[in-house]
Participant: 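Got a structure here, written out as C-alpha cells. Questions coming.
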Amino acid sequence: MRFKGILFDLDGTLIDTSNLIIRSFQHTFMQHYGRALTPQEVYAFFGKPLRDAMEHYGPDKVDELITTYRQFNLTYHDELTTGFASVPETMQKLYNNGLLLAIVTSKSKSTAIRGLKLFAMDKYFSVVIGHEECQKHKPHPEPVLRALEQIKLAPAECLMVGDSPFDLASARAAGVKTAAVRWTQIDWHQLLAEQPDYVLTTIEDLLTICNIENE
C-alpha cells in the first residue's frame with residue numbers, strides 16, 4: 001500500500017459547509033456593520049482560522065464578531081451542512097483496509113467532531129486536530145506535524161487531502177504528499193499553484209491511489 005495514513009481537511013473536503021460559513025459571515029457582518037460580505041470575500045479565508053478573517057474585515061470588533069458568528073454557526077450547523085457524494089462510504093473502505101485517518105482543520109475540534117457525527121464518520125478518525133491545539137495554523141506545518149505525531153506515522157507514510165492552498169502548503173512544509181480536491185469552492189488555479197501530487201476528481205480516486213479495490 002502506497003500510504004499508511006491519510007490526513008484530511010474537513011470543510012469543503014469531506015463535508016460541504018460552504019453555505020453555512022457564508023451565511024454565518026453574512027449574518028455577523030449585517031448585524032454589526034449593516035452589510036453582508038460577498039461569497040468571494042469569505043472564500044478568501046477558507047482554510048484559515050476564523051480570527052484571521054475577523055481581524056481582516058472587522059478589526060475593531062474581533063471578539064464580538066467571533067461570538068456572533070459562532071452563535072449563528074452552531075445554531076444552524078446541522079441544517080445548513082450537507083454531504084459530498086460517496087465520502088462516508090470511501091472513508092469506511094479506507095478504514096477497513098487499515099489506513100489511519102486524521103482530520104486537520106482550522107475550526108474547533110468539537111465542531112469538527114460534530115460535523116463528522118452528522119454523517120456517521122467520526123468512528124473512522126482516530127485523531128482530530130482543531131485550531132485550539134496549535135500555536136500556528138495552516139499554511140504553517142504545525143497542524144500537520146501534530147497529526148503525524150498523534151497517529152505515529154512518518155511524513156513519507158501519509159497523504160494530505162484538502163480543498164485549500166493552505167492545506168497543501170501546510171502538508172508540503174511538513175514533508176507530506178498532497179492531493180487537491182476538484183470540488184473546491186476556491187479558485188482552482190490557486191490550488192494548482194501549490195503543485196499537488198494528486199488531483200481527486202471524486203473522493204473515490206483515493207481508493208485507486210491507495211491500491212484498494214472499489215467494489
Side-chain angles (χ1 to χ4, degrees), residues 3 5-22 24 42-43 45-50 73-74 76-97 99-131 133 137-138 143-144 146-148 150-151 158-171 176-186 188 191 194 196-210 212 214:
F3 298 106
I6 305 182
L7 315 179
F8 294 90
D9 174 57
L10 183 61
D11 291 354
T13 300
L14 296 184
I15 62 176
D16 189 355
T17 53
S18 296
N19 190 33
L20 172 66
I21 293 169
I22 290 168
S24 298
V42 178
Y43 290 150
F45 284 88
F46 270 27
K48 299 199 78 174
L50 178 61
N73 191 273
L74 291 174
Y76 293 97
H77 179 277
D78 295 2
E79 178 183 336
L80 296 178
T81 300
T82 56
F84 290 119
S86 303
V87 167
E89 296 86 352
T90 301
M91 296 306 105
Q92 182 179 30
K93 289 174 183 175
L94 294 169
Y95 178 84
N96 288 346
N97 277 272
L99 278 92
L100 298 178
L101 308 180
I103 295 292
V104 182
T105 179
S106 296
K107 69 197 306 181
S108 70
K109 181 173 182 175
S110 61
T111 308
I113 292 173
R114 179 174 175 176
L116 290 170
K117 286 183 175 179
L118 193 60
F119 299 95
M121 293 192 291
D122 55 301
K123 56 183 173 290
Y124 304 131
F125 293 88
S126 57
V127 169
V128 177
I129 302 296
H131 76 84
E133 297 176 74
H137 306 285
K138 297 182 282 189
V144 172
R146 185 64 58 90
L148 294 174
Q150 292 195 20
I151 62 174
C158 293
L159 176 69
M160 174 75 187
V161 180
D163 72 315
S164 160
F166 306 124
D167 301 325
L168 308 185
S170 178
V176 174
K177 295 287 188 183
T178 60
V181 302
R182 198 65 182 89
W183 52 94
T184 180
Q185 294 287 343
I186 299 171
W188 183 241
L191 271 75
E194 294 297 334
D197 298 289
Y198 303 95
V199 170
L200 306 183
T201 302
T202 72
I203 194 67
E204 292 169 313
D205 290 340
L206 275 176
L207 301 176
T208 302
I209 292 169
C210 295
I212 295 171
N214 187 12

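Every value quoted in this text rests on a predicted model; they were computed, and no experiment measured them. The analysis underlying the following values was restricted to heavy atoms, covering all of them including side chains, and did not include hydrogens, waters or symmetry mates.
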Participant: Taking atom NZ as the centre, does K107 end up with more than 12 heavy-atom neighbours from other residues, nucleotides or ligands that are less than 6.0 angstrom away?
Facilitator: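 Yes.
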Participant: Does K117, at its NZ atom, have more than 12 non-hydrogen atoms belonging to other residues, nucleotides or ligands within less than 6.0 Å?
Facilitator: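 It does not: K117 NZ has 12 such atoms or fewer within range.
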Participant: Looking at CD of E89 and CG of L207, how far apart are the two atoms once the value is rounded to the nearest 0.5 Å?
Facilitator: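 Result: 10.5 Å between the selected atoms.
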Participant: If I take atom CD1 from residue I15 and atom OG1 from residue T81, how far apart are they, to the nearest 0.5 angstrom?
Facilitator: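 That separation rounds to 5.5 Å.
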Participant: Which residue is it: D205, I6, L159, N97? I am looking for the one with a side-chain contact (heavy atoms from CB on, under 4.5 Å) to C210.
Facilitator: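 For C210, the side-chain contact (heavy atoms from CB on, under 4.5 Å) check succeeds only for I6.
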Participant: Has K123 got its NZ or CZ under 6.0 Å from the middle of the six-membered ring of Y95, at an angle within 45 degrees of the ring axis?
Facilitator: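 Ring-cation test returns no.
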Participant: Find out whether I203 and M91 are in side-chain contact, i.e. whether some heavy atom of one side chain is under 4.5 Å from a heavy atom of the other.
Facilitator: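 Yes, their side chains come closer than 4.5 Å.
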Participant: Quick one: does F8's side chain get under 4.5 Å of L206's, heavy atoms only?
Facilitator: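 Sidechains of L206 and F8: in contact.
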Participant: How long is the straight-line distance from CG of L200 back to OG1 of T208, given to the nearest 0.5 Å?
Facilitator: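 Nearest 0.5 Å value for the OG1-CG distance: 10.0 Å.
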Participant: Quick one: does Q185's side chain get under 4.5 Å of D163's, heavy atoms only?
Facilitator: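 No, too far: nothing below the 4.5 Å cut-off.
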Participant: Report the distance from atom CG of D78 to atom CG of L20, rounding to the nearest 0.5 Å.
Facilitator: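 Rounded to the nearest 0.5 Å, the CG-CG separation comes to 9.5 Å.
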Participant: Report yes if the side chains of I212 and L99 come closer than 4.5 Å at any heavy-atom pair, otherwise no.
Facilitator: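 Yes; the side chains approach each other to less than 4.5 Å.
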Participant: What residue among L14, I151, L100 forms side-chain contact (heavy atoms from CB on, under 4.5 Å) with F125?
Facilitator: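 For F125, the side-chain contact (heavy atoms from CB on, under 4.5 Å) test succeeds with only one of L14, I151, L100, which is L14.
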Participant: Tell me, do L74 and R114 make a side-chain contact under 4.5 Å, heavy atoms counted?
Facilitator: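 They are in contact (side-chain heavy atoms under 4.5 Å apart), so the answer is yes.
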Participant: Is the closest side-chain heavy-atom distance between S18 and F46 below 4.5 Å?
Facilitator: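 With C-beta onward as the side chain, the pair touches.
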Participant: Can you confirm whether Y198 is buried at OH, in the sense that more than 12 heavy atoms of other residues, nucleotides or ligands lie under 6.0 Å from that atom?
Facilitator: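 Yes, because the 6.0 Å sphere around OH of Y198 holds more than 12 heavy atoms from other groups.
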